[in-house]
Structures are given as structure tokens and as C-alpha cells.
Q: 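Attaching a single structure in C-alpha cells format; questions to follow.
Per chain, numbering begins at 1; letters A, B, ... match sequence-line order. As a basis for the values below, the full set of heavy atoms in this structure was taken, side chains included, without hydrogen atoms, waters or symmetry mates. Just so you know, these numbers come straight off a predicted model, no measurement behind them.
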Amino acid sequence: MGEYYGIDVADIFNSMASRFRPEGAEGVDAAIGYDVGENGRWMLSVRQNQMSVDRCDDLSGCDVVVRVDGQTFVGLNVGKIDAMAALGAAKLKVEGDFNLFAATGKMFTKYVPAGQEVAPEQELLMVKRTISVKQRFATGPIMGTFLQGLKEKKILAIQCPQCGRLQSPPREICAPCRVRNDQWVEIGPAGEMRMLEYCYYASPDPLTGETRETPYGAIGILLDGCRNDEVFWHLLRPDQLDEVQMGIVMGEKVVHGSRLRPVWSDNRTGSINDIKYFEIDK
Amino acid sequence: MQKDDFSKSYVVEGKLALPYTYFAGRVGSTFLTTLRDQKKIMGVQCNQCEKIFVPPRQTCERCLSDIRDNWVPIENSGEVVNFTVVREQDKHLPRKTPYILGLIKLDGADTPMVHIIDGIDPEKITEGVRVRAVYTNESDPSILYIDHFEPISS
Amino acid sequence: MGYKKRKRHVGIVGIGETKFSSHREDVNQPEMIHEAVRQALDDAGLQIDDIDCVVHGNMELFEMVHQPDMWHTLGSGAYGKSSFRLTTGGTTGGTLVCGADNLVASGMYDVVLAIGFEKLQEGHTTGGITNMADPLWARKLQSGALTAQAAVKLIAEFGEERARRAAMTYRIIMDKHACKNPNAHRAFHLEWDQMEDLMAHSPPLIGDLRLIHMCSQSDGACAIIFAAEKKAREISEAPVWIRDHITVHREETLNLANNYYPIDTTHRFAAETLYERNGIENPLEYFDVFEMYDPSAWWGVDWLRDFFLLEGDEHIKMVENREIMIGGKMPINPSGGVIATNPIGATAMVRVAEAAKQIRGDAGDHQVPGSVEHGLASSFGGTMWTVLTMLEKETNW
């Protein structure tokens, strides 16, 4: 017991003192607990650029407790297992201050099993760059007409002369019919919510590189005057994420979603931001 | 034919910004750390094609032989085999224009490498000028561990 | 559709795959793709001089290197050869196979090397994918390829409990397959008794799409060598033949309609068209293995219905009864699939490579038992686009 990949769990803890990097623990004053299942429990105390680690059964006073099985713990330390992957698979659980757990990566040099020390490895270099490019997009007459409509609080759709399909935001052609759309129709502005993408994942807005605030809701909304899959894509008022219901159409079964209305920006410039979001239409 | 109405068409300012991380790899890192720590230039040799490549590469692009371990030292000096003068200023450029971008064939290498040539009037640079590397303490890993090449006064 | 039968048969004669992982600090891009190229050449017993043309592809926004095929000449072997570059989003790898197949089938070249790669660690995958969306509208709204639409759909049709269990069953099966594949990026050794825990505690990304359901972000490359029939038989004792392929596109933005079946999907349309023109009446009976581009467990479950033209809950039952496992009636992704390994520009090509290995019978620990004669591989990309490729052991169709 206790050995994985030929390495003893305890050896990783015992070598922490020699691997400690005070510069990586600047400003940290905390206790970090490790519960490595049947292999035992350890508590790591970091304070004033010093650290100590001991076996400790009671981890209740720790700022963060890491629960992990022995195989995963050793795998993480020798680079066989990726931490994000282990978190994803719930093989590694972090209870408490997650940022503190993440900071432990900087506090220690890499664990090298005894007897496997070799000549210093070639340092592997990398550069980090945020690549930022200014762009200019021409709206063209179709998207331009639609965006200008938003300035006047109008949501316009374009209609296919052949199948009658409405598209908003509009496209110049109806792809299935392969014909040019020619008729503008005002739709909404209120409608029924169909799909809610309840987003927890903080992805970057590629227009700014800045991370979006979570949670947020991207929605598909069937605006009044539209049918079938003629939905409009926008955002939901963030504080109403848990109050809305999705609409469903499945053969004969129809469930109506929440009624929503747009909230317009005061300063409208002819862009997607002219609508702040949709909110429940009470 | 129907005339399009472009009066509703306009231009929207946009931006694209995302974080990237580039890895030099083991061969590239060996080359760069030698520049940084020893101020020496290293190349790799393909024994089959009898060519010495600078900057180095893991495989010979001609015969695809693995040449990653065939390190050979290269001189810090060489000859300008071609050049251009960069005149249009742009924020992504490493220097204020005008400056010379040269193809420099280092002594001991078979392939020329691109770098900045400084210390000579851009209007007076010619092919055949002898130059040598001037190093810097730049911290961000790149070929700019060599700041520029300067003429060797004869 | 202006479809014409091929002029000559095209065989897969060499396959190379790197080990896929989350990080490859030890190589730059041309060095990484070279690992796959070297393997494919060795597998075929060829030298780079034997290659007539190189087809190369990935998605540029992921690493933000433009025209990487030029830099990659250092590792691709394209120096002095005809070379093409293809990029079609997630389907890139599938399109590379289509392109190489067309180049050989048409008589243009006898031996073509196709290379797909991605080094996702170098960029921001979700940000990169979001950049494909319309800059004036959808870029503000989209979050890469993350969407819970399939989950919403399955839950509405089959109820929360059954749908969630089916998705997690699918996920665990894929992990069990990945554990048998030494090239797979993520192999967690998930156990069936973790099901409840994962359903409840895996971090949510969007709606019912949790981290455990979603594909990895991987680094790696795949290379396949294609040869005209005469050459193929000279080069290899067991070439794997490309019988047919189909690509189906649709309009470019995601549709948040939440309209359920029956709706037309590119998957179903592609499958129907492909089977019809090849006289396949029962795809479940016909194919011995299917390597599916399954970006999430939810999509994996949902798409079985489209690809095999199933009705009602037949696809859910396939998963519940574990018929999709290695040794089951219709093994899906013996390699572990895309959830385990997703180096995007290589991913769809890995589907073809893995299906071809199954037909050759040398897939290793994840080899499907029994004779594998007919293989299917799918690609998924853009906003719901499909490429389907049919592979055969013999040219007797």
C-alpha cells in the first residue's frame, strides 16, 4: 500500500521541505490539508515564507482540503495526470479556497523520485502573448438595415419570397431556396423564450479578450410574428436566470416558454448592444 | 439589373484579442538558452545533405533525417548576403524605422538567418558587409537575445 | 447532387498518430507533426521521396499562426512537393481525408500524405471557436463549442433521469475505451459506481453539460498516406479502401430554436444520402465499427439516432444496453473518441485512422473482436456540419 508508479505517497510529503520555494509562497498564511484516502492525511502550514508539513488526522482547521486517491496524487506529482483532468473526473476534490490550492503549484519545485535525479533537464522556453488585432467590419446593406432598425427600437426580419421564412438577424439569401430575400417585416419586440444556454463557464469575449461574467444566459427567443425555428439570439437579464422556462415543441407536444421583452439601451448606435438583454414580460 | 442600396451600409469597429502561449520545443530551447547563457550560436548539421542549419531544426527539411543531436558551434560573425530596409513604422515592429533587416550567413553555417543590422547607415548597407552579433539581457525568450548585428570595422 | 463514382480505388497504406496530451512543451509545431509523419512513413515502409503531394490542415485561430503549412515544411516533408492546405473547422481532419482521396481518385497524384494537427495548449480554444461566429452578432453570444442544446433535447424527450444516465453511461463507456488506447489523452479509469457522483458533482459548464461530458483540449497530430489501387497493393499487404465520403453544410450560425424531432440535421441527411447511393439498407447491420466525432457525451448519445437512422428511443437503448462497447453489437469509438482526445484539426482524421486500424486488425488493446470489414467515420464542425467516410477491407462493393 502507498506505492503508485513505484513511488511512496509519504515520500512526496517528506520531500516537500527540500522542494519548498519561499519566493513562491510570498504573502501566503494558510493551512492546506491533504486527505489521500487510505494512505493518510497531512497538513501543510505556510507562513511568512516558511512551511512545515506533518501527518495530521484532523484537517478541520484547514483553509482548503484536497481529497485525492493515492494513484491520482502520485500521478499529479510526477506529471502522469493533469490536475484539470483529475478535477473534471472528480478524482481530485478541492474543498475550500480553490485559489490557495492552485497557488501550491508555485510553492514547490517538481518532485523527482529518489535515484532518478539526472543532469538538469534542458529548460523549455515559452512566450505568452495576447494577440490583439483591430478590425473593421462592413455591415453591408442587409445587416446595416437591421442594425439601424435597432436604433429606432425596431427588430426587423427579412423574408424569403419563396418559402416565406423570416430571418433575424437577416441574411441576404434564403439558403434552402437559393433565392434573394426581398421583404422587410417588423417582428416582436416581445416573444417566447425557447432555448436557454445557462452558462457557468467563463469564456473570454473575443471582441475584448475579457472574461465574461458568469453565470449568464444566452437565449433563443421566438419573437411575435415568427414561427417554427425562426428564433432570435440574444441574452437574458442575468438575475432572471432561475425564473424563466424554456419552450418546447416536440411533435404534438407544445410547452410555451416564458414571455420576454427587450430592454433597450439609452445610447443606441446600431449594434447588438442596443438591446441590453431580454427580461420577463410581466 | 436591380441596383443595390448601400445607404444603410456602414462600418463597425471591431477587435480580436486572445491569449496565446508558444513553446520553443527542446531543440529551439537549447538554441535560445545557449544564446542567452553563453552568448554563443549553435547550429545543427545534416550529415546526409551536408548542410548546417542556423537556426536549428529537429529534422532536415530536405531528407527528413532526425538531426536534433548534431549540434555544431557557429561563429558570432558572418556576412550580409541580402537585406531590406524597413521604412514604414508599425507598432508591432521591434525597432523605430528606418532599420535594416538582413539575411546573415554566419561563419560555419550553410543557411542565412534573418536579423536586425544596426550601426550602419541604411543607405550605405551593401551585400558582403561583415557583421557580428551584439547580445542583450532581454528576458523574454526569442531570437532577440541577440539585440542586433553590427558591422566589423576592418 | 452532382455525385460521380470514383475513377480509381484509393487505399490507406500508412497511419501515424502522436501520443495525445494536454501539453507538449518539448516540441514546436513542425516537430510535433513530424512525429506523426515519421510514423506514417514507417508504417507504410515509404521514404519521403515516395510522396507526391502533401495535404495539411488545422484551424489557424487556435494557435494564431497563419499559413502554418509553410513553417511546417520543416516537419511535413513538403519541401519541393505539391502541397495543399485545408481548413474547415472541426471537420478539418475529415476534409483532409476527402481532399487526399479526391486527389488520388482523380488520377492527379498516386501517393498523397495528409496531415492534421492542433496544439491547443498554445491558444484559447473556446475563444478561437467563438471567433468563427458572425462578428456583428453571434460573437457576443457564443461560447465556443459549449452548448447544452443536446442535453435540453434529450431531457425533454426522455426525462431527466433517463437522459442523464444515458449521457453518463456513454461517458463511462468512452473512458473505458480510452483506457485501452495508449494514444488517448484522457483516460480516467472511471468506474460504474462513480456514476451518481459524477452526475451530481462534475462542475457544470452550460446547463446540463458538465466538465466530465465535454471533450478534452489536446495537442497532437495525425498523418495518413493514401495511394492509388495499384500502388497501394504494392506498398501494403492490407490497404484499407475508401469507399465513399460525403460532406453536408448548412447555414452558419447556431440555431437556438429548441425545436425537436422531426427536424433535419446534417448528420441524418448525410447518412441517408450516403447509405442510399451505396445501397446500404441497414447501417447497424452493415458496419462493424463506427468512429464518431462526439464532442460531448450528450451529443454522442443524440447523434447515434441520426447516423444510424433510428426511431424513438432505439439510440438510448443502444447506450443503456452497452451495445456500443468494444465487443458489443455496434462498437462506437473503441479509441475512446473525441471526449478523450480532441486535437481539433487532427480529430476527425483520427476517426478515419482509428476505423482503418480496426479494419486492418492491428488497433492493439482496443481492437474490436471478430472480423471488421466495414467501417464508418464521422466529422463534425462549424455549426453542425457533417463529413462521413466509409471504409472497406475489400474492393468488392
Side-chain angles (χ1 to χ4, degrees), chain A residues 71 79 81-82 84-91 93 122 124-126 129 131 135 137 139 143 147 167 169 171 175-176 193-201 203-207 209 212 218-222 228-235 246-251 253 255 257 271-273, chain C residues 21-23 25-26 64 122 124 126-128 130-131 133-144 146-149 152-153 156-157 175 185-186 188-190 194 197-198 201-212 214 216 250-263:
Chain A
Q71 171 105 11
I81 294 173
D82 177 63
M84 284 314 290
L87 281 166
K91 299 250 174 181
K93 292 179 187 169
Q122 170 61 46
L124 297 176
L125 300 178
M126 63 165 173
R129 292 274 184 281
I131 296 181
Q135 298 181 297
F137 299 107
T139 63
M143 196 67 183
L147 292 172
Q167 295 190 60
R171 296 188 183 97
M193 193 186 82
R194 279 289 176 77
M195 176 67 75
L196 168 66
E197 294 272 35
Y198 197 126
C199 303
Y200 304 93
Y201 176 76
S203 62
D205 179 343
L207 293 170
R212 293 169 168 132
I219 53 170
I221 170 168
L222 193 69
N228 302 329
D229 62 348
E230 295 164 0
V231 293
F232 188 79
W233 192 3
H234 212 279
L235 298 169
M246 286 188 245
I248 298 167
V249 177
M250 188 167 41
K253 182 182 164 193
V255 176
S271 90
I272 185 170
N273 299 318
Chain C
S21 77
S22 61
H23 56 96
E25 295 94 339
D26 56 327
M64 198 64 111
E122 300 204 334
H124 196 294
T126 296
T130 307
N131 262 321
D134 171 0
L136 298 179
W137 203 261
R139 242 182 233 191
K140 170 90 176 171
L141 306 168
Q142 197 175 329
S143 49
L146 298 173
T147 169
Q149 290 185 61
V152 168
K153 207 164 89 174
E157 191 168 350
D175 186 65
H185 168 185
R186 298 192 304 180
F188 294 143
H189 299 271
L190 299 179
Q194 281 182 268
D197 187 30
L198 289 168
H201 296 122
S202 175
L205 297 172
I206 293 189
D208 259 283
L209 176 78
R210 293 176 181 273
L211 189 59
I212 189 69
M214 196 59 194
S216 64
R250 53 175 281 163
E251 286 168 331
E252 86 287 1
T253 49
L254 290 174
N255 184 329
L256 295 187
N258 205 3
N259 249 356
Y260 299 106
Y261 282 95
I263 59 163

Q: Highest number of heavy-atom pairs under 4.5 Å with chain A: which of Asp208(C), Ile206(C), Leu136(C), Asp197(C)?
A: Ile206(C)
Q: Given a strict heavy-atom distance threshold of 4.5 Å, which part of Leu147(A) is in contact with chain C: side chain, backbone, both, or neither?
A: side chain
Q: How far does CZ of Arg129(A) sit from CE of Met64(C), to the nearest 0.5 angstrom?
A: 13.5 Å
Q: If you define the side chain from C-beta out and look only at heavy atoms, does anything of Leu209(C) sit under 4.5 Å from Tyr200(A)?
A: no
Q: Can you list everything that forms a side-chain hydrogen bond (donor to acceptor under 3.5 Å, both in side chains) with Glu122(C)? Sequence neighbours excluded, please.
A: Gln29(C), Lys119(C)
Q: Looking at NZ of Lys140(C) and CD1 of Ile272(A), how far apart are the two atoms once the value is rounded to the nearest 0.5 Å?
A: 7.0 Å
Q: Minimum heavy-atom separation for Ile248(A) to Ala156(C), with atom names?
A: CD1-CB, 4.1 Å
Q: Chain A: which of His124(C), Met214(C), Arg186(C) shares the most heavy-atom pairs with it under 4.5 Å?
A: His124(C)
Q: To the closest 0.5 Å, what do you measure between NZ (Lys91(A)) and NE2 (His189(C))?
A: 7.0 Å
Q: Any idea which of Ser202(C), Ser143(C), Ala148(C), Pro204(C) has the most non-hydrogen atom pairs under 4.5 angstrom with chain A?
A: Pro204(C)
Q: Could you tell me which portion of Glu230(A) (side chain, backbone, both or neither) has an atom closer than 4.5 angstrom to a non-hydrogen atom of chain C?
A: neither
Q: Would you check if Glu25(C) and Met126(A) make a side-chain contact, meaning some heavy-atom pair closer than 4.5 Å?
A: no
Q: Could you look at Met143(A) and say if it's the side chain, the backbone, both or neither that has a heavy atom under 4.5 Å from chain C?
A: side chain
Q: Between Asp134(C) and Arg171(A) (salt bridge meaning N to carboxylate O under 4.0 Å), is one present in this structure?
A: no
Q: Sequence neighbours excluded, which residues qualify as side-chain hydrogen bond (donor to acceptor under 3.5 Å, both in side chains) partners of Thr147(C)?
A: Glu197(A), Gln149(C)
